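The structure appears right after this line, and notes come after that.
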Amino acid sequence: MIIMYSELSDLNSLIAIIDSCQVDMVLKLQSNWHEEDYDEERNLKAKMIKPFLDANREFIVSQSNKSEFLSVLAKYFDSSDYFHYEIKYKENLIGLGYDHCAINFLHPDYFTLSEEHHQILKDCYITFTTEIEGK
C-alpha cells in the first residue's frame, strides 16, 4: 500500500503504526483539544476527522477506510494534535504509545511492520507483547 506521509516525523510514526495494524480498530488519541476545537465550522481539522469519530470522540478505523484516514492525518494533523494513543480491537487493548510514539507497546498478533515502517520508526522504542495494560 502506498501511504501518504506528513513532513513531520512524529506524526509519521503514528501513521506507520496505524498502517501496520492488520485489523479494524478503535483509536483513542490523548490530545490538547478543547470542546471548541471539535467545532467543524471553526476548525477544518475537526471537519475532516468527523467521518471517523464516534460519540466518544474515538476514531473508528477499518481496513477499508484506513487509507483515507491516514491521508487525513497526514494532510491536516501535526504533532501537537496528540501525545499518546491507545488502539483497541473489539474490547482488547492491542497498542499503546507514549510521547508522540517514542515508546510503543504493540500486540504481535495484530501488527506487522514492513521495512518501510521500520525505517520510519527507527528512533522509536517498540516492544511487541501480548500483555498490554492501559492507564
Side-chain angles (χ1 to χ4, degrees):
M1 170 187 296
I2 298 175
I3 311 164
M4 178 187 282
Y5 288 103
S6 167
E7 294 178 4
L8 307 167
S9 63
D10 288 345
L11 188 57
N12 283 339
S13 298
L14 179 64
I15 290 170
I17 287 169
I18 295 168
D19 184 58
S20 72
C21 187
Q22 303 300 303
V23 295
D24 296 347
M25 70 187 92
V26 174
L27 171 67
K28 180 179 180 180
L29 296 180
Q30 182 183 8
S31 74
N32 59 356
W33 280 36
H34 302 285
E35 188 66 34
E36 62 272 9
D37 294 319
Y38 289 95
D39 182 346
E40 17 178 319
E41 292 182 15
R42 299 171 129 185
N43 185 351
L44 180 59
K45 290 178 190 182
K47 181 178 181 177
M48 298 310 295
I49 64 171
K50 184 179 180 182
F52 305 100
L53 287 177
D54 68 7
N56 297 320
R57 294 194 174 136
E58 296 176 338
F59 295 100
I60 306 301
V61 183
S62 67
Q63 294 302 297
S64 62
N65 76 3
K66 182 165 56 172
S67 179
E68 181 184 359
F69 175 71
L70 294 177
S71 293
V72 167
L73 283 185
K75 188 170 182 179
Y76 296 99
F77 268 49
D78 60 56
S79 299
S80 69
D81 290 315
Y82 81 98
F83 305 112
H84 314 303
Y85 72 84
E86 288 184 357
I87 298 174
K88 288 186 177 181
Y89 172 64
K90 300 185 178 177
E91 295 301 315
N92 301 315
L93 185 61
I94 61 169
L96 188 60
Y98 299 100
D99 301 328
H100 300 284
C101 300
I103 302 168
N104 303 276
F105 300 93
L106 304 175
H107 195 297
D109 292 346
Y110 301 100
F111 293 87
T112 303
L113 298 179
S114 68
E115 185 57 39
E116 182 180 16
H117 295 138
H118 281 289
Q119 286 300 315
I120 293 165
L121 298 166
K122 68 180 180 246
D123 296 328
C124 301
Y125 177 79
I126 298 175
T127 299
F128 283 100
T129 179
T130 57
E131 298 178 15
I132 300 173
E133 294 184 26
K135 307 170 215 109

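The shown structure was predicted, so the numbers you read here are calculated from the model rather than taken from an experiment.
For Asn104 against Cys124, the heavy-atom pair with the smallest separation is ND2-CB, 3.8 Å. Asp24 and Ser62 make their closest contact through OD1-CA, 3.2 Å (heavy atoms, listed as atom of the first residue, atom of the second, distance). Annotation for Thr112 and Gln22: closest pair OG1-CG, 3.7 Å, computed over non-hydrogen atoms. Here the closest non-hydrogen pair linking Asn65 and Ile60 is ND2-O, 3.4 Å. Smallest separation of non-hydrogen atoms from Ile17 and Leu106: CG2-CD2, 4.0 Å. When all heavy atoms are compared, the tightest approach of Lys66 to Asp19 is NZ-O, 3.0 Å.
A distance of 11.0 Å separates CE of Met48 from CG of Leu73, quoted to the nearest 0.5 Å. Residue Lys28 holds its NZ atom at 5.5 Å from CD of Glu86, rounded to the nearest 0.5 Å. One distance of note links CG of Leu14 with CG of Leu121; it measures 10.0 Å at 0.5 Å rounding.
Under the 4.5 Å side-chain criterion, counting only non-hydrogen atoms from C-beta, Ile120 is not in contact with Ile15. For the pair Phe105/Leu93, no side-chain contact is recorded, criterion being any heavy-atom separation below 4.5 Å from C-beta on. Side-chain contact check for Tyr110 versus Ile87: every heavy-atom pair is 4.5 Å or farther apart. No side-chain heavy atom of Asp81 sits less than 4.5 Å from a side-chain heavy atom of Leu29. Ile126 is not listed as a side-chain neighbour of Phe111, based on a closest heavy-atom distance of 4.5 Å or more. Glu68 is listed as a side-chain neighbour of Phe52, based on a closest heavy-atom distance under 4.5 Å. With contacts defined as side-chain heavy-atom distances shorter than 4.5 Å, the pair Leu27/Cys21 does not qualify. Residues Tyr85 and Cys101 are in side-chain contact: their nearest non-hydrogen atoms beyond the backbone lie under 4.5 Å apart.
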Give the intermediate values and the outcome of ring pair (Phe, Tyr, Trp, His ring centres under 6.0 Å) for residues His107 and Phe128.
-> CA-CA 6 Å; His107 195 297; Phe128 283 100; 9.4 Å; no

Before giving the answer on side chain to side chain contact (heavy atoms under 4.5 Å, CB included), spell out for Gln119 and Asn12 the whole-Å C-alpha distance, their side-chain angles and the decisive distance to 0.1 Å.
-> CA-CA 11 Å; Gln119 286 300 315; Asn12 283 339; over 6 Å; no

In sequence, state the C-alpha distance, the side-chain angles, and the governing distance for Phe77 and Ile49, and then conclude on side chain to side chain contact (heavy atoms under 4.5 Å, CB included).
-> CA-CA 10 Å; Phe77 268 49; Ile49 64 171; 3.4 Å; yes

Mind running side chain to side chain contact (heavy atoms under 4.5 Å, CB included) on Phe83 and His100 for me, showing each step along the way?
-> CA-CA 5 Å; Phe83 305 112; His100 300 284; 3.7 Å; yes

Worked check of side chain to side chain contact (heavy atoms under 4.5 Å, CB included) between Met25 and Ile18 = CA-CA 9 Å; Met25 70 187 92; Ile18 295 168; 3.9 Å; yes

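Within a 6.0 Å radius of CD in Glu131, other residues, nucleotides and ligands contribute 12 heavy atoms or fewer. Annotation: Lys88, atom NZ; neighbour count of heavy atoms from other residues, nucleotides and ligands within 6.0 Å does not exceed 12.
Hydrophobic clustering (side-chain heavy atoms under 4.5 Å, transitive across Ile, Leu, Val, Met, Phe, Trp, Tyr) keeps Val26 apart from Leu96.
The only option from Lys50, Lys47, Lys45 that meets the side chain to side chain donor-acceptor pair (under 3.5 Å) definition with Glu40 turns out to be Lys50.
Checked by atom type and distance alone, the side chain of Asp54 pairs as donor or acceptor with a backbone atom of Asn56 at under 3.5 Å. No donor-acceptor distance shorter than 3.5 angstrom exists from the side chain of His118 to the backbone of Glu115, with no hydrogens or angles considered.
Relative ring orientation between Phe69 and Phe59 is described as tilted, the plane-to-plane angle lying within the 30° to 60° band.
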